[in-house]
Amino acid sequence: MKFITKTGLKALVTGLIRDYKVYGTVKKDGFPAYGEITDAKQLVLLQTPTHLSAKGFVFPERETLLRFNMEDGSHKPVVEAADQVIIGLHACDIHAMLLMDRVFAYGAPDANYLARRAKTLVIGTDCMPDEHCFCQSIGTMHATEGFDLFLHQTKNGFAIDVGTKRGAAILRKYTKAVTAAASEIRNMEAFEKKRAGSFKTRLDAPAAALPAIYARSDASPVWDRIGSICYGCGSCNNVCPTCYCFDVRDEPAANLKQGERVRVWDACTLEEFALVAGGHNFRKPRGARLRHRFNRKFRYLTDVFNAPFCVGCGRCIRTCLVNINIAEVTNELIAEDAKRGIIDETVRTKKAER
Amino acid sequence: MTKTPQTVPATNTAPAPQQTGPASPYLPTEALVTRAAKLTEKERLFALALLNGQNPNHTQYPVAVESTRPSGIAPNAGSTLNYLPGQFYMVGLPGYGEAPFSVASPLGASEGLELCIRAVGNLTNAIHRVPKGGRLWIRGPFGTGFDAASMKGRDVVFIAGGIGIVPMRSLIKTIVGNPGYGRLSLIYGTKSPDDLLFSGEMTEWSKAGLRAFVTIDKPAKGWSGNVGVVTTLMAKLDIDPVRTTAVIIGPPVMYKFVIMNLRKAGMRDEDILVSLERRMKCGLGKCGHCQINGVYACQCGPVFKLSDLHGLPEAL
Ligand SMILES: Cc1cc2nc3c(=O)[nH]c(=O)nc-3n(C[C@H](O)[C@H](O)[C@H](O)COP(=O)(O)OP(=O)(O)OC[C@H]3O[C@@H](n4cnc5c(N)ncnc54)[C@H](O)[C@@H]3O)c2cc1C
Ligand code: SF4
Ligand code: SF4
Ligand code: FES
């Protein structure tokens with residue numbers, strides 16, 4: 001494990017700014033957010049999650065897929081990617097990005113995402129849960145891959161996990177890292193211990209039991225209840241680091257000669273998401289839309305990728321105006337399931353351990 | 001301008017290193033409209049040929065959906081006209097976007113790819129204005145199709161409602177007139193006589209051995225045929241459940257009732273095939289719009305065996 005001082009980090013960031021576009025966590029009007037860093041002073045390593053996730057850096061809210069000419073009919077693929085560094089991702093965010101990597105690489109590989117991702121350096125940092133974080137229950141509390149560098153804030157500076165050769169190279173190039181002293185590592189371990197004991201939100205079943213529990217919960221009264229208060233506003237999708245549904249549409253230029261085919265974030269909680277010609281809507285009730293979103297997180301995508309697609313960042317909980325809480329809802333489903341008497345073996349074991 | 005992604009040193013964070021990066025799966029292939037014909041007030045038939053012949057760069061990626069359900073094949077770069085009945089293309093016009101349309105022509109058709117398009121919105125109305133000699137841009141084929149060869153030796157019952165006759169035509173024309181099939185029957189229902197598609201062809205299909213029953217939803221002037229929903233004609237089919245394959249394509253409301261009747265006639269879900277329409281924006285199993293519970297209709301469908309839909313309450 002490596003170590004740099006606070007001044008060492010400043011040197012690293014200043015160096016990176018010279019050669020890359022650098023984004024990092026900042027306070028925007030007092031709110032935790034990602035922003036461009038043009039001076040190392042702007043970077044504020046935050047211990048709680050940003051409002052929006054970092055997904056926009058590799059999967060932008062709007063991106064051009066093609067440029068076309070409406071007169072001669074030519075279409076040119078557009079794959080735009082610039083070298084960039086993102087500083088301040090927490091373990092959950094890194095897990096989320098690893099999931100996105102798998103999503104966009106499977107089947108027909110997504111040229112746009114993969115190009116951006118290949119040019120993105122990730123510098124993670126440690127965190128302390130707020131009332132809504134539940135990564136501990138999901139198993140995404142620690143990242144062992146998916147970052148180039150990972151900074152553990154200690155008393156005198158940062159103990160650093162080096163994840164990749166690229167990470168080692170920037171560390172060498174821009175700053176002076178030494179081997180971390182035993183005291184710094186003890187400091188880091190004490191922090192992690194405190195962190196592990198600080199979670200207020202917990203799931204009452206292990207993540208591995210959730211696909212089966214969700215599969216038995218289609219008819220739960222929970223869906224109607226949360227559906228009756230949901231606005232169908234799509235905010236939960238927007239802030240989520242693993243929500244990646246999108247719309248593809250054309251934007252002709254004002255001269256009606258050229259234009260772009262763009263992809264923009266879409267949201268399965270919006271009313272027209274599953275509407276087809278003829279006016280039939282396959283997921284009209286808001287409860288059905290929320291059921292779909294939650295099932296994607298704990299069942300549908302898990303069936304394909306063998307990993308939960310909720311990383312427990314709590315963003316959708318913090319953003320929801322009517323306090324729909326994915327952790328509470330999941331716990332309700334777990335409780336209902338237990339009442340039905342079909343307790344999953346894994347739940348039983350976990351309960352026994354308590 | 002087009003930028004190709006540059007090579008970066010391999011790391012364990014980035015996805016597999018790309019030499020030049022994969023080609024954009026969104027780049028469509030130019031197709032020439034070799035025929036454009038008005039069928040009804042709302043529907044036009046288009047025949048397409050690829051301008052540069054078959055695209056030599058066409059690569060197909062097997063879809064990594066680990067499911068017991070059949071998964072489709074996603075074309076990545078370039079498109080071909082090697083389609084199966086039941087598959088679809090993303091068809092676009094620059095400035096108007098693209099949308100999914102079913103193959104209307106039979107397997108191995110000499111006339112190229114035929115599409116039958118109903119004008120319902122922005123893109124479809126713009127496509128209607130494309131004349132013979134004009135161009136459309138396609139990606140595909142996508143999804144699962146019908147395996148007509150596997151129906152040899154069996155009776156086949158085709159049940160189509162509304163625009164569902166379009167993909168059904170592809171399958172019917174692949175089967176009718178060919179030896180080796182059992183009794184072939186079609187029930188086709190539309191709103192009114194004005195909406196009937198391919199009525200001329202239906203006469204030919206009948207001559208070639210297809211029993212065709214047509215019905216309209218409500219009585220109309222000058223209509224002496226059957227009136228009522230498609231299920232009212234199902235008794236006439238006289239199904240032998242053991243040797244019959246049934247194919248259903250129609251509006252969402254149609255499936256439940258038709259399936260109920262087929263089951264009542266003793267048919268097994270393994271022998272019932274359906275094609276399900278969903279909103280589709282990519283065809284690649286990514287945009288999420290086409291999902292039926294956890295299943296992507298653009299890849300694992302649109303053609304499903306009814307028995308593969310068990311456990312998917314959103315399907316029907
Ligand atoms: C597998 C499949 C096969 C199809 N085959 C045919 C066919 O052979 N002939 C035919 O005429 N139509 C077919 N459709 C329907 C066709 O895709 C829609 O009519 C078309 O998208 C409407 O586009 P628009 O821009 O003209 O309409 P819009 O102005 O975009 O909208 C009109 C209506 O179409 C719906 N819609 C919009 N985009 C989509 C989309 N991507 N997928 C589904 N519905 C959408 C909207 O919800 C709205 O209700 C098929 C659809 C699917 C999924
Ligand atoms: S759950 Fe909350 S954030 Fe999500 S759509 Fe409903 S109201 Fe909006
Ligand atoms: S579903 Fe909510 S808690 Fe889970 S990853 Fe998405 S935003 Fe975070
Ligand atoms: S059409 Fe995009 S996922 Fe199926």
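Every chain is numbered from 1, with letters handed out A, B, ... down the list of sequences.
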(request) Under 4.5 Å heavy-atom distance to chain A, tell me which part of B:C282 shows up: side chain, backbone, both or neither. (result) side chain
(message) Please classify the contact between A:L301 and chain B as side chain, backbone, both or neither, with a heavy-atom cut-off of under 4.5 Å.
(response) side chain
(request) Under 4.5 Å heavy-atom distance to chain B, tell me which part of A:R116 shows up: side chain, backbone, both or neither. (result) neither
(request) Test the A:R296-A:Y244 pair against the cation-pi criterion, namely NZ or CZ under 6.0 angstrom from the six-membered ring centroid and within 45° of the ring axis. (result) yes
(request) Using non-hydrogen atoms and a 4.5 Å limit, figure out which bit of A:D72 sits close to chain B: side chain, backbone, both or neither. (result) backbone
(request) Specify which of A:D266, A:N295, A:V122 makes the most heavy-atom pairs with chain B at under 4.5 Å. (result) A:D266
(request) Give, as side chain, backbone, both or neither, the part of A:H280 having an atom under 4.5 angstrom from any heavy atom of chain B. (result) side chain
(request) With a 4.5 angstrom heavy-atom cut-off, could you sort out which part of A:F273 is near chain B: side chain, backbone, both or neither? (result) both
(request) Side chain from CB out, backbone as N, CA, C, O: work out which of these in B:L93 comes under 4.5 Å of a heavy atom of chain A, or both, or neither. (result) backbone
(request) Decide, yes or no, whether a salt bridge links A:R67 with A:E80 under the criterion of side-chain N to carboxylate O below 4.0 Å. (result) yes
(request) Using a cut-off of 6.0 Å, state whether more than 12 heavy atoms not belonging to B:Y96 lie near its atom OH. (result) no
(message) I'd like to know if the side chain of A:Y106 and the backbone of B:G285 have a donor-acceptor N/O pair within less than 3.5 Å.
(response) yes
(message) Distance alone, cut at 3.5 Å: any donor-acceptor contact between the side chains of A:K297 and A:T242?
(response) yes
(message) For the interface with chain B, which of A:R283, A:M97, A:E251, A:R249 has the highest count of heavy-atom pairs at distances below 4.5 Å?
(response) A:R283
(message) Is B:R278 in contact with chain A via its backbone, its side chain, both, or neither, using a 4.5 Å heavy-atom distance?
(response) both
(message) Between A:F59 and A:Y113 (judged by ring centroids, cut-off 6.0 Å), do the two rings come close enough to count as a pair?
(response) no
(request) Search all heavy atoms of A:Y300 against all heavy atoms of B:N293 and return the closest pair with its distance. (result) OH-ND2, 2.9 Å
(message) Between the side chains of A:D19 and A:K173, is the shortest nitrogen-to-carboxylate-oxygen separation below 4.0 Å, so that they form an ion pair?
(response) yes
(request) Using a cut-off of under 4.5 Å on heavy-atom pairs, state which of B:P28, B:P313, B:P251, B:G121 scores highest against chain A. (result) B:P28
(request) Would you mind telling me which of B:G294, B:G288, B:P94 has the largest number of heavy-atom pairs within less than 4.5 Å of chain A? (result) B:P94
(message) Is A:L275 close to chain B through its backbone or its side chain, or both, or neither, when contacts mean heavy atoms under 4.5 Å?
(response) both
(message) Within 45 degrees of the ring normal and closer than 6.0 Å to the centroid, is that where the cationic atom of A:R263 sits relative to A:F246?
(response) yes
